Amino acid sequence: MGSVPAATPSVREICRAQRADGPAAVLAIGTANPAHCVPQDEFPDFYFRATNSDHLTALKGKFKRVFQKLGVERRYLHHTEELLRAHPEFLDDEAASLDARLDIVATAVPELAAEASKKAIAEWGRPAADITHLVVTTNSGAHIPGVDFRLIALLGLRPSVRRTMLYLNGCFAGSAALRLAKDLAENNRGARVLVVCAELTLMLFNGPKEGSFERLIHQGLFGDGAGAVVVGADPLSPVEHALFEMVSAAQTVIPDSGDAITMHITKGGFGGNISTREVPVFIGDNVERCLHDSLEPLGVGAKWNDLFWAVHPGSSAILDRIDTVLQLEPEKLAASRRVLSDYGNMFGVTIIFVLDELRRRLREQEGVGGAPEWGVVMTFGPGLTVETMVLHATGHMHASP
Ligand SMILES: CC(=O)CC(=O)SCCNC(=O)CCNC(=O)[C@H](O)C(C)(C)COP(=O)(O)OP(=O)(O)OC[C@H]1O[C@@H](n2cnc3c(N)ncnc32)[C@H](O)[C@@H]1OP(=O)(O)O
């Protein structure tokens, strides 16, 4: 007697079965920096000595005055005096130094990215071969195959890992990668997405130049680092733990701000413009609209001070402006200020450091019964582009291993 053929499921049923049941969540976080740490108050001496520019005493004085206003106490840098001595072409923006810079970052960026990733994978608790998707961002390089490809070997990922490489997204790159990871995790049942951001400011390094305020900001604000996050839905107990559920993710452009931050590759590394006076104003004028657009559709009606905050610390002027507009209590942006102070602005990597710092702070607050449940990630970058993600804290705030 022949068996009755089972009814073929509809495409809608197949699609539904392919999707996760619950929201994507941050399952683990790892961070890494180069070994070379430069205190900000020692940086002008390091920088002017390494660039043979000690005779530019007035300019050095200006660097010192402005550096004090950025909110940075120390940064980690891949480039040392020794490396700069070996590459005098890095001091001169008219010299063709792009190839030499790309040669260095081609190895150093994947290595730093792997260091952060290994920490995230160790905290996650499952083998690297269980990673199904890889999303990598960097502004520091332009190679094919890129950092994503190098990470397969460095981490022992499966050759069939589905890779996405995001180049040149500026400081919102970390949020863009997390937003993509959320969609991948929710639309592919069982997916485990490794998000990796890595930056070396070597691409931006140049000697001091009279009349170039951008040069001053490039050298004084940005730092090197890498951050990695494992994202997945429906955590497998008891190994996996959701730290933050990723409830919604949005991106928008601030009208008429297209020239406020620009970056492009030149024969001498990176060129571009940061309108340092305008950027905090643009962000301050638009932050409430972005927040309302993200929170209202969810029915999350919390007051700003009832939320936790992970904001990209572009500089202390940007954080001050957000504080003023939203009238935040001082501790609300404390994780962002701490990361800016201890590491500088590491482009898209920075927000991963802020999430890591934030989960430590929330865990401490949980201990005394006062941690907010709902929170917001906000990052900014060229466009001006604002990325907003709504998070829900789950009560599994583990410290980094
Ligand atoms: C890369 C990405 O994608 C995203 C990013 O995060 S990009 C980085 C975003 N960060 C920013 O845009 C920085 C925001 N701005 C700031 O932090 C502050 O404006 C700042 C620290 C740069 C200056 O602080 P301030 O309080 O405005 O400084 P202020 O006291 O007015 O000026 C200090 C000196 O700098 C000079 N200065 C300030 N802004 C200037 C500008 N835009 N152009 C030229 N000179 C400037 C002043 O003339 C003054 O010079 P003197 O000491 O010789 O008199």
Side-chain angles (χ1 to χ4, degrees), residues 40 43-44 56-73 75 137-140 166-177 197-201 203-205 208-225 251 253-254 257-265 269-287 310-325 333 336-337 339-341 343-354 377-387:
Q40 192 77 336
F43 184 77
L56 302 173
T57 48
L59 192 56
K60 188 171 173 183
K62 182 154 180 157
F63 266 62
K64 285 183 175 170
R65 286 196 296 285
V66 175
F67 280 11
Q68 286 164 2
K69 300 186 165 221
L70 293 169
V72 179
E73 289 292 325
R75 290 173 289 150
T137 80
T138 190
N139 299 282
S140 313
L166 305 174
Y167 278 117
L168 297 175
N169 278 249
C171 293
F172 69 82
S175 281
C197 305
E199 298 295 351
L200 294 189
T201 51
M203 295 295 289
L204 275 176
F205 188 86
K209 189 173 175 183
E210 296 281 3
S212 172
F213 196 70
E214 284 79 31
R215 184 70 53 88
L216 194 159
I217 295 296
H218 285 172
Q219 304 312 319
L221 180 60
F222 295 106
D224 297 353
Q251 185 193 71
V253 169
I254 296 177
S257 65
D259 295 331
I261 303 175
T262 59
M263 291 164 54
H264 58 273
I265 293 178
F270 266 152
N273 169 54
I274 302 177
S275 304
T276 52
R277 290 202 170 106
E278 288 79 17
V279 168
V281 178
F282 273 126
I283 291 171
D285 289 351
N286 287 276
V287 65
V311 176
H312 170 64
S315 78
S316 54
I318 293 174
L319 297 177
D320 291 348
R321 186 62 69 128
I322 292 173
D323 260 342
T324 305
V325 170
L333 297 186
S336 298
R337 288 190 192 278
V339 169
L340 178 66
S341 164
Y343 302 96
N345 179 343
M346 298 173 285
F347 293 82
V349 175
T350 327
I351 198 62
I352 296 178
F353 276 64
V354 174
V377 179
M378 289 196 100
T379 64
F380 323 99
L384 287 179
T385 302
V386 183
E387 290 265 353

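One-based numbering, in listed order, for ligands and for the atoms of each. Just so we're clear, the structure is a prediction, and the values are computed from it rather than from any experiment.
- For the residue pair Q40/E73, the side-chain donor-acceptor check at 3.5 Å is not satisfied.
- The side-chain hydrogen bond (donor to acceptor under 3.5 Å, both in side chains) search around Q219 returns none, not counting sequence neighbours.
- Within 4.0 Å of ligand 1, protein heavy atoms belong to K62, R65, V66, K69, L70, G170, C171, F213, I217, L221, I261, I274, T276, R277, V279, P280, H312, G314, S315, A317, I318, N345, F347, F380, G381, P382, listed by chain and number.
- Ring geometry for F67 versus F43: interplanar angle of 30 to 60°, hence tilted.
- D285 pairs by the salt bridge (charged side-chain N to carboxylate O under 4.0 Å, His left out) definition with nothing, not counting sequence neighbours.
- If you take CD1 on I217 and OG on S315, they are separated by 7.5 Å, rounding to the nearest 0.5 Å.
- Legend: residues meeting ring-ring contact (aromatic ring centres under 6.0 Å, His included) with F270, ordered by chain and number and at least two apart, are absent.
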